[in-house]
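One structure is given here, and the rest of the page talks about it.
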Amino acid sequence: MKSKGIGAVPLRMLVMSLTGSCNLACRYCYAAAQDRRTMTWETARRAIDLAATGKMPFILQFSGGEPLLALPLLRQMADYVRSKRIPARMDLQTNGTLLTEETATFLRRARIGIGVSLDGRPAVHDALRCYPDGRGTAADVVAGIRQLAQCGMEIGLTTVVTADNVTELSGVVEMAYYLGNVRRVGFDLLRPQGRGSAVRSARAEDMAQAMEAVFALNRKLGRMIGHSMAISQMEQAACLAQRTGSGFSHCHAMNGAGVHVDALGNIYACSSFVGDAHFLLGDVERGIDVQRQKEVAQEMQNAMAFCRTCVDFSACGGACYARRAGQGHPAASTAECALKRAAMKESLNVVVQCNKRTGQ
């Protein structure tokens, strides 16, 4: 039986593909085969209402495709969330090329958090993230970020890590400090799906060396300006160090607390499996199949049971099911382990240095 509620537990994250269309042709795009249609307002409203029935705060992430191609719908959704006082933190992940002064002003007034995709210095970025005609996008992305800066908006950068840019990740940190309004950088390992299946994943040893360089440069530049850039993986490591549980805490899907709604209103357990009937949990009209949601979450946890035997599990929260078990790419998972271990080490170093300064 399908529930018209939110499922086994209240949703903590609702990811919505406002459209499957995109104005870029990134080399590694995992969503290139998505339906190109744009979500209707009725579908969007039903999805928001579905998450809101849990009466708990949740993250509402606008995704795609490129969500700014559906700007009128985004405006309508933001107005709805505010007018209904729905306890959602709204976030937008964008490629940054469509950010105009008008759009930036709207995003600031709507209090929507912004994540912009940037894969390195311009030459590195352009080799991975380009327009359909092959032109690079770095100049337009930087122009878009500057529009946000002029509106007083701070942002986060998201970098997709592949074998092609892993040795250049410190360039992302340089760009973050250079741009001025970046407050956080996060590294997202390649999803070997769609066009991404033809792109090589970063090796674990390269990932470890790259993150060592990232953290060293971040410390250096941070000392120069008086504060360091936040690194998402470090923040997660610091948070997990305080936890008392021992489950898979890194992924809402594995706990039945996160779903992805595609442009047609279909509900999937994870963004990585849109279009895969095995991970289909329902639709926004009829709700979530609670039993299926539990089964899929348990299946994910069972497939990743080996994580529990790792000495770092309690401080890590587990690896990504989609990369390791779901897509059968263990190399990508070992790189993730290297990324997380580097973050845990740096987080511990920060604590030690802080204790030394305070005499604890």
Side-chain angles (χ1 to χ4, degrees), residues 6-17 30-31 51 54 56-61 63 89 91 93 115 156 158 160-161 184 186-193 196 201 207 231-262 267-274 276 278-281 288 290 292-310 312-330 332-341 343-344:
I6 58 170
V9 296
L11 290 182
R12 301 295 302 276
M13 172 168 270
L14 172 62
V15 181
M16 298 179 65
S17 284
Y30 74 93
M56 296 288 289
F58 62 95
I59 298 169
L60 173 55
Q61 181 170 315
S63 182
R89 188 191 86 192
D91 292 336
Q93 186 63 39
T158 298
V160 176
V161 182
R184 178 174 289 100
F187 298 98
D188 185 18
L189 291 169
L190 171 75
R191 299 189 197 188
Q193 303 164 247
S201 297
M207 191 77 243
I231 306 294
S232 295
Q233 283 72 24
M234 264 189 69
E235 291 184 325
Q236 182 186 53
C239 180
L240 289 174
Q242 307 299 319
R243 73 172 180 158
T244 56
S246 59
F248 287 90
S249 59
H250 74 294
C251 175
H252 291 304
M254 291 181 72
N255 295 304
V259 296
H260 181 109
V261 178
D262 71 8
I267 302 173
Y268 293 90
C270 172
S271 300
S272 295
F273 298 112
V274 172
D276 188 335
H278 185 72
F279 296 90
L280 181 64
L281 303 181
I288 294 173
V290 176
R292 186 58 190 151
Q293 184 184 33
K294 291 179 180 178
E295 291 171 354
V296 169
Q298 191 60 56
E299 177 184 315
M300 289 181 177
Q301 293 192 30
N302 291 344
M304 302 298 289
F306 63 88
C307 276
R308 296 184 183 276
T309 66
C310 177
D312 292 319
F313 179 66
S314 62
C316 163
C320 175
Y321 168 85
R323 292 191 187 96
R324 181 63 183 255
Q327 295 295 330
H329 286 265
S333 185
T334 56
E336 181 182 9
C337 294
L339 170 58
K340 289 191 171 186
R341 287 194 174 105
M344 288 186 284

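Along the sequence shown, residues carry numbers from 1.
A donor-acceptor pair is defined here as one N or O able to donate and one able to accept, closer than 3.5 Å; such a pair exists between the side chain of Gln301 and the backbone of Met254. Under the 3.5 Å distance criterion, the side-chain polar atoms of Gln193 are matched with a main-chain donor or acceptor of Ser272. Between the side chain of Lys340 and the main chain of Gly317, no donor-acceptor pair closer than 3.5 Å is present. Judged by distance alone, the side chain of Asp91 and the main-chain N or O of Ile59 form no donor-acceptor pair under 3.5 Å. In terms of modelled atom types and a separation under 3.5 Å, the side chain of Arg292 and the main chain of His278 share a donor-acceptor contact. Glu336 contributes a side-chain N or O that, together with a main-chain N or O of Cys320, makes up a donor-acceptor pair within less than 3.5 Å.
For the atom pair CG of Leu339 and CG of Asp188, the computed distance is 9.5 Å after rounding to the nearest 0.5 Å. His252 contributes atom NE2, which lies 15.0 Å from atom NE2 of His260 (distance to the nearest 0.5 angstrom). Here Cys316 contributes atom SG and Gln233 contributes atom CD; the two are 11.0 Å apart, rounded to the nearest 0.5 Å. Here Tyr268 contributes atom OH and Leu281 contributes atom CG; the two are 9.5 Å apart, rounded to the nearest 0.5 Å. The distance from the CD atom of Glu299 to the CE atom of Met304 is 12.5 Å, given to the nearest 0.5 Å. Note that CZ of Arg89 and CZ of Phe58 are 11.5 Å apart. Values are rounded to the nearest 0.5 Å.
In this structure, Met56 and Pro10 approach most closely via the heavy-atom pair CG-CB, 4.0 Å. Contact between Leu189 and Ala335 at its shortest, heavy atoms only, is CD1-C, 3.8 Å. Residues Gly196 and Leu190 share a closest heavy-atom pair of O-CD2, 3.9 Å. Of all heavy-atom pairs spanning Gly256 and Leu11, the tightest one is O-CD2, 4.5 Å. For the pair Ala303 and Tyr321, the tightest heavy-atom approach, listed with the atom from each and the gap, is CB-CE1, 3.6 Å. Taking all atoms of both residues into account, the shortest heavy-atom contact from Ala253 to Ala269 is CB-O, 3.0 Å.
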*Could you walk me through whether Leu60 and Met16 pass side-chain contact (heavy atoms from CB on, under 4.5 Å), step by step?*
CA-CA 8 Å; Leu60 173 55; Met16 298 179 65; 3.5 Å; yes
*Give the C-alpha distance, both sets of side-chain angles, the deciding distance and a yes or no for side-chain contact (heavy atoms from CB on, under 4.5 Å) between Met234 and Met344.*
CA-CA 7 Å; Met234 264 189 69; Met344 288 186 284; over 6 Å; no
_Test log, rule side-chain contact (heavy atoms from CB on, under 4.5 Å), inputs Ile267 and Leu280_ = CA-CA 6 Å; Ile267 302 173; Leu280 181 64; 5.6 Å; no
*Could you walk me through whether Arg184 and Ile231 pass side-chain contact (heavy atoms from CB on, under 4.5 Å), step by step?*
CA-CA 6 Å; Arg184 178 174 289 100; Ile231 306 294; over 6 Å; no
*Take Phe313 and Phe248, measure what ring pair (Phe, Tyr, Trp, His ring centres under 6.0 Å) needs, and give me the verdict at the end.*
CA-CA 9 Å; Phe313 179 66; Phe248 287 90; 5.2 Å; yes
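Inter-residue side-chain proximity for Thr158 and Gln93 is flagged as met; some heavy-atom pair is nearer than 4.5 Å.
Between Phe273 and Phe279, the ring planes lie parallel to each other; the angle is under 30°, not in the 30° to 60° tilted range.
Salt bridge Asp312/Arg341: present, at least one basic N to carboxylate O contact under 4.0 Å.
A search for side-chain hydrogen bond (donor to acceptor under 3.5 Å, both in side chains) contacts involving Arg12 returns nothing, not counting sequence neighbours.
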